2 protein chains.
Amino acid sequence: MRVLAHPAAPSAIDLRARAHCVDCAIRQHAVCSHCDVDELEFLSAIKTYRNYRPGEPILAMGERAPFLGTMVEGVASMSRLLPDGRRQVVGLLFPGDLVGRPFSPVSPFEYVAVTEARLCAFDRPQFEAALRATPSLERRLLEMTLDELDSAREWMVLLGRKSAQEKMCSFFALAARRALRLEKRDPIDGMLVVLPMSREDMADFLGLTIETVSRQISALKKSGVIELIDARHLLIPSWSDLLDAGGGDIELY
Amino acid sequence: MRVLAHPAAPSAIDLRARAHCVDCAIRQHAVCSHCDVDELEFLSAIKTYRNYRPGEPILAMGERAPFLGTMVEGVASMSRLLPDGRRQVVGLLFPGDLVGRPFSPVSPFEYVAVTEARLCAFDRPQFEAALRATPSLERRLLEMTLDELDSAREWMVLLGRKSAQEKMCSFFALAARRALRLEKRDPIDGMLVVLPMSREDMADFLGLTIETVSRQISALKKSGVIELIDARHLLIPSWSDLLDAGGGDIELY
DNA sequence: CGGGAATTTGACACTCCTCAACACACGTGG
DNA sequence: CCACGTGTGTTGAGGAGTGTCAAATTCCCG
């Protein structure tokens with residue numbers, strides 16, 4: 001891993017910015033979105049913020065995780081490493097998404113920060129007790145889990161049946177939609193898409209190699225479906241062209 | 001679809017066999033496993049049994065489903081059909097598994113009976129109301145959904161990163177484990193595995209073609225990992241050999 | 001400006017898909 | 001009873017799409 005610019009301690013627990021939950025910008029997307037002020041007050045008492053730098057592990061596979069958390073800023077990945085080194089990313093986590101496996105202290109996947117990331121972390125036993133005692137929390141977790149299950153299954157369609165080109169287009173659409181969701185806006189033609197991750201992460205997410213990812217991006221640039229600004233930024237001249245090239249049918253989140 | 005032997009009405013609602021929930025053989029695996037007798041009594045009042053024959057649709061994609069159900073007997077598939085005819089099976093449903101998407105009347109996937117199948121179906125609005133009012137039910141649904149999410153992600157690893165050969169082995173292991181689970185037994189060397197589905201269904205589940213499935217089965221037979229009895233039955237001489245050939249690492253359910 | 005990482009591009013190999021023929025079981029009807 | 005059709009599965013030949021390995025290029029940051 002490369003040497004990083006600012007040498008803050010990894011997984012630094014950030015005691016400064018214990019902002020009030022009521023003002024939390026991503027609460028509507030988080031597991032606590034249905035909570036009332038009293039419930040938020042309780043969660044506030046058991047939360048700590050944790051900051052991560054790109055590439056930094058959040059939870060190792062099989063590790064007994066002491067906390068569960070909500071992504072507040074940045075992007076993280078959830079992945080499985082096979083014994084021979086093959087890796088598959090099984091989920092991307094954006095602000096509001098839950099990090100960790102409730103009711104099971106050892107996660108079957110590893111969580112890694114993809115960008116600079118910030119987590120609102122809850123002590124696991126206390127959070128699980130809160131879940132049991134707080135219907136609004138448990139219900140919201142159920143909603144989120146059902147939605148994630150739908151998303152995972154949509155992604156299975158992509159992994160099992162789509163071509164490399166279609167996979168890339170679907171990924172761009174996903175990245176665009178997830179970024180827009182936080183601002184409650186809809187995709188428009190000409191919009192900018194930020195690719196928050198390296199070619200390697202994309203490849204591992206899409207079940208491809210970095211070379212194939214790179215080649216498909218070049219091909220899509222040539223065919224005009226995307227306009228490449230730099231390796232991490234591109235424009236979508238026509239949203240519907242992108243969806244068509246993505247094999248249609250799927251609305252991935 | 002072929003003409004079937006016994007021309008009973010499709011999706012026949014079976015009023016005869018309203019067995020008592022207390023005696024239900026698969027209840028421990030179902031959404032109602034945590035319910036007490038009173039709760040079971042209520043569920044009993046809103047349940048009907050439905051029978052399906054192989055290939056028969058249970059819920060069409062995008063259909064407003066009037067019921068949610070629990071698989072009682074047989075196997076069903078959950079799949080997505082792309083506009084151009086490509087199909088991806090995103091889940092197999094065994095006895096105890098839930099059919100349908102709670103809290104969303106239109107399922108994003110279609111459900112089809114793979115074998116003769118029997119469903120314990122609940123009126124959707126009433127079941128959802130029961131979920132809201134019954135913590136034991138809602139909690140169990142959350143547990144099941146979290147487990148399914150883990151399984152879906154494990155399957156993503158298979159779809160994205162495994163070779164055709166590894167996919168076949170993982171599938172055999174899955175079929176074996178799911179069958180054994182109902183009897184609370186563990187896999188043993190020499191055990192019989194029943195393949196409940198056609199080559200086409202397997203291919204669509206594994207992200208392969210039927211020809212590749214067929215060829216890999218022949219190859220695994222030749223290499224001794226499996227012993228083929230007929231197209232739907234095989235023996236596993238060595239469980240650990242099977243797992244090794246499956247790429248290791250994954251415990252799929 | 002220099003060094004290392006990330007990305008792109010190229011040449012080639014290999015897995016898996018496509019298209020086609022064939023085998024087999026089963027049911028039907030002559 | 002056997003010929004025939006249909007559905008299902010197997011096998012073969014050839015090719016497309018990705019992966020592998022290697023080199024060139026760009027980017028980033030000191």
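Throughout, protein chains are lettered first and strands after them, A, B, ... in sequence-line order, and every chain is numbered starting at 1. The structure presented is a predicted model; accordingly, all values stated were derived computationally and were not measured.
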Grab the [atom1]-[atom2] distance between [X] and [N] for me, whole Å please.
X	N	atom1	atom2	value
B:E200	C:dC17	CD	P	14 Å
A:D204	D:dT18	CG	P	17 Å
A:R232	D:dC27	CZ	P	14 Å
B:D230	C:dA23	CG	C1'	16 Å
A:L206	D:dG19	CG	C1'	15 Å
A:K222	C:dT9	NZ	C1'	11 Å
B:I210	D:dG7	CD1	C1'	11 Å
B:K162	D:dG19	NZ	P	17 Å

Nucleotide nearest [X] when distance is taken to its side chain, options [options]:
X	options	value
B:S214	D:dG9, C:dT9, C:dT18	D:dG9
B:A231	D:dG9, D:dG12, C:dT9	D:dG9
B:E211	D:dG9, C:dA11, D:dT11	D:dT11
A:S198	C:dT8, D:dT11, C:dT7	C:dT7
A:S218	D:dA13, D:dT10, C:dT9	C:dT9
A:L208	D:dG9, D:dG19, C:dC16	D:dG19
B:R199	D:dT10, C:dC16, D:dT20	D:dT10

Open item on the list: Could you check whether A:D186 pairs with A:R181 (Lys NZ or Arg NE/NH1/NH2 to Asp/Glu carboxylate O, under 4.0 Å)?
Closed with: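 No.
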Open item on the list: Any salt bridge linking B:D84 with A:R161? Criterion: basic side-chain nitrogen under 4.0 Å from a carboxylate oxygen.
Closed with: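 A:R161 and B:D84: not salt-bridged.
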TODO: Quick one: pull up CG in A:L206 and OG1 in A:T212 and give me the separation to the nearest 0.5 Å.
DONE: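 Here the interatomic distance stands at 10.5 Å.
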Task: Base of D:dG12 paired with side chain of B:R215 (donor-acceptor, under 3.5 Å) - done: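 Per atom types, the contact qualifies.
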Task: Phosphate contact (C:dC17 OP1 or OP2) by B:T209 side-chain N/O below 4.0 Å - done: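 Yes, B:T209 has a side-chain N/O under 4.0 Å of OP1/OP2 on C:dC17.
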Task: B:F205 and B:W155 aromatic ring geometry - parallel, tilted or perpendicular at 30°/60° bounds - done: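 The rings of B:W155 and B:F205 lie parallel, inter-plane angle below 30°.
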Task: Contact check, side chains of A:E227 and A:P237, non-hydrogen atoms, under 4.5 Å - done: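 Side-chain contact under 4.5 Å: yes.
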